[in-house]
Amino acid sequence: MTQNVDIILINAIVLTMDADFQQFEPGAVAIQGDTIIAAGLETEICLAYAAKEKIDCQGKVLMPGLINAHTHVSMNLLRGLADDLRLDVWLMGYMMPVEREFVSPEFVVLGAKLAAAELIRTGVTCFNDMYYFEEDVAKAIAEVGLRAICGQTVLKFPSPDAQSYEESLGYAREFIQRWKNHPLIVPAVCPHAPYTCTEEILKAAAELAVEFDVPLHTHISETALEVENTRKEQGMPVVPYVKKQNLFDAKVIAAHCVHIDDGEIYTLTHRNVGVAHNPSSNLKLASGTAPVSRMLEAGLNVGIGTDSSASNNDLDMFEEIRLASFLAKVATGDPTVLPAQTTLNMATHMGAKALHMGELIGSLEAGKRADLILVDLSNLHNTPRFRRDSSNIYAKLVYAGKSTDVTDVMVNGKWLMRDRQLLTLNETELLAQANEYAGKIDAFLIEREQSVLSKLIAIEGVEEEESFEVQAKVSLEDIAAILEAIEKANIEILHHRHYHQFDTYFHFDDTSQGLLRYREDEISDVKNRITNMRYRLTLIGRAREGHFPSDVLLSRSRYLAPATHSLRFYREYFEPSGETFIEKERQRWRVLYKGTEFYINLDQVKTPDLGIFLEVKSRTWSRRDAENKAYLVTELITVLLSRMPEEMVTQDYLELVSDKEKHGKYVA
Ligand SMILES: [Zn+2]
């Protein structure tokens, strides 16, 4: 007796991608509602089932839809914004500042729809996403009809959708509760990466994922630098570190895993972690080559992803599949690793397992969701076709097939594309809206790039608050004399410290931008042992009122920020026109003189060898205060110098004293 079903797809080369890699030709697939009822030889399927609708696939390949294992789909709106940069400069210097400014529910919806159109066109039926306002992404994707894991990002920094990680976690919890049993969307939590999260965040995210039995999606060991830093700070590589935070109690999907060793591969396998391999992104950002063939040997489930359109720059899974295979071959020097069938499996069935969705999707088998695509291999670049070996068809798809060969896409039993026409999206409208957004982002970046200060604010979140300082500086010949003078003078010493300072000054062609100083302080105790390191950035404005020929006294604006990145990062981000390096030994006293606090600095400038300088300075938050203190600064340095033999003091100082009146006028 025949069973009635909704649709039977006939006359196809059916690649089931099941455990035995069964193929049927001419094959057929029977679908009822959202579910595959059977896949097999056309003759057998047509005998067993009767359908309201029989669709002739015209000899095309009928296979499971591709699974994109790692995306940030809304970033499609940032495609081509900043390229050819190192990961940290790209992420912290461009992506995150632009995201803080622009990312809104409206932004993520448009980006997600733009991506959805591209995903459908390239044969993707399910993807694993991580971004902000992910509930809005989920709504847009559900409306389009694609399947996705939508993961809410949690970070230790304020993000576009939350001021704190507690807020993000709260948002993730509510989102998960609301979407837990949706037919297309699997909600998830995404602690962005170990280095952008704290131990507390990782633990809390894992707990949340376990509580609701939803996936936890994160980036792991993407760059060598990340691993090096984790080793330095935690005394172990990234995988053991996150394991210690109970991350693997959850169903984890780890993107990248480029720099992991065999022990870490064992841990990931043992804890059933799914890996998302992103060949284009790893190549473009020069992150390295993930040890995929060793992962597969160990039995790890590895899927393939595109990562975001900003680091790829497209969502073409056909390209990723081919690259995954080529990259593994060249990395191992072995052309037999990652054969076409294995690689296609990574983008379908194994990819589904990597996303912890292997029971539901990834192959054309009875009981699984009807997520499938038709691929036309009758065109020029796919011709001729050999049938001698059943693996020929996989090689054709992986090595010669193109995403444009995809003609039809079905998700959950519903067509999203028929004969290359998108059925649930208006492509023309999306293109116009995306270009309109690009215009706004362009304008924002053009304005930001005009000023070193605004670039600094964009990455370090500096408060836009000026501080001023007045200083008097003289060059000396003898350290001992000044040490004695400080003791003899009638001043109260509050604090005394010893630093070894390494300053790099960035100059800019436009001198009105000021100077940007990157300072590394080695702070030593009385026994000259290094007790601490400190890294700071200071944007030093041009001396506003000009200064004396001998650089004696000046007042200027300063913006301070902790330096959270490397000198190399700032060099690549600010692109100075020149640099000056200064190394000095500094003794610093914080003192009280006539009821006012001052700093006395005694500097021995070693690189370049400039000798010894005595500096008295005071820092204030207003120009008026700075001006009021100018006289006292001059007076204090005079007091100190008067306690020293006259021949110790160079010409600069004498000029200063004789210029006292002028100072008054100058600062007033
Ligand atoms: Zn990513």
Side-chain angles (χ1 to χ4, degrees), residues 67-83 85-96 98-99 103 108 111-112 115 118-119 124 126-134 137 148-155 157 159-160 168 188-197 202 205 215-227 238 242 247 252-260 273-290 292 302-317 319-320 323-324 351 354-355:
I67 294 172
N68 190 335
H70 181 60
T71 61
H72 311 274
V73 287
S74 300
M75 288 179 85
N76 258 42
L77 270 182
L78 303 177
R79 173 173 15 226
L81 173 74
D83 293 284
L85 298 168
R86 234 176 278 275
L87 177 68
D88 55 0
V89 178
W90 175 81
L91 185 65
M92 311 284 184
Y94 287 86
M95 290 303 141
M96 287 187 165
V98 168
E99 286 174 339
V103 172
V108 301
E118 188 180 353
L119 289 166
V124 171
C126 177
F127 61 96
N128 176 35
D129 197 55
M130 172 195 299
Y131 209 56
Y132 310 107
F133 297 108
E134 198 67 29
V137 174
I149 297 178
C150 291
Q152 171 61 26
T153 301
V154 187
L155 281 170
F157 323 111
S159 62
S168 307
V189 59
C190 300
H192 175 265
Y195 64 95
T196 49
C197 290
L202 297 173
L216 181 153
H217 176 195
T218 188
H219 297 100
I220 297 242
S221 298
E222 182 171 358
T223 63
L225 182 70
E226 176 190 345
V227 178
V238 182
V242 298
L247 208 72
V252 171
I253 304 154
H256 300 302
C257 299
V258 174
H259 300 276
I260 58 171
V273 170
V275 169
H277 173 44
N278 305 278
S280 284
S281 173
N282 295 162
L283 283 164
K284 183 172 181 243
L285 296 171
S287 305
T289 315
V292 174
V302 184
I304 297 175
T306 55
D307 210 345
S308 84
S309 270
S311 64
N312 185 308
N313 292 356
D314 60 32
L315 304 178
D316 189 335
M317 277 293 288
E319 191 176 275
E320 295 306 319
L323 277 177
L355 302 192

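Just the heavy atoms: all of them, side chains too, but no hydrogens, waters or symmetry mates, feed the values below. Bear in mind that the values here come from a model prediction, so they are computed numbers and not experimental data. In listed order, ligands and their atoms are each counted from 1.
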Only one of N128, D129, T153 passes side chain to side chain donor-acceptor pair (under 3.5 Å) with H217; say which it is. N128
N278 and side chain to side chain donor-acceptor pair (under 3.5 Å): which single residue from H219, H256, E320 fits? H256
Quick one, V238 with I260, criterion side chain to side chain contact (heavy atoms under 4.5 Å, CB included). Give me CA distance, side-chain angles, the key distance, then yes/no. CA-CA 8 Å; V238 182; I260 58 171; over 6 Å; no
In terms of heavy-atom contacts, P279 and L323 come closest through CB-CB, 3.8 Å
Can S309 and E118 be said to form a side chain to side chain contact (heavy atoms under 4.5 Å, CB included), step by step? CA-CA 11 Å; S309 270; E118 188 180 353; 4.3 Å; yes
Steps toward side chain to side chain contact (heavy atoms under 4.5 Å, CB included) verdict (L247, T218): CA-CA 10 Å; L247 208 72; T218 188; 4.2 Å; yes
Every N, O or S from the protein that is nearer than 2.8 Å to the Zn ion (ligand 1): H70 NE2, H72 NE2, H219 NE2, D307 OD1
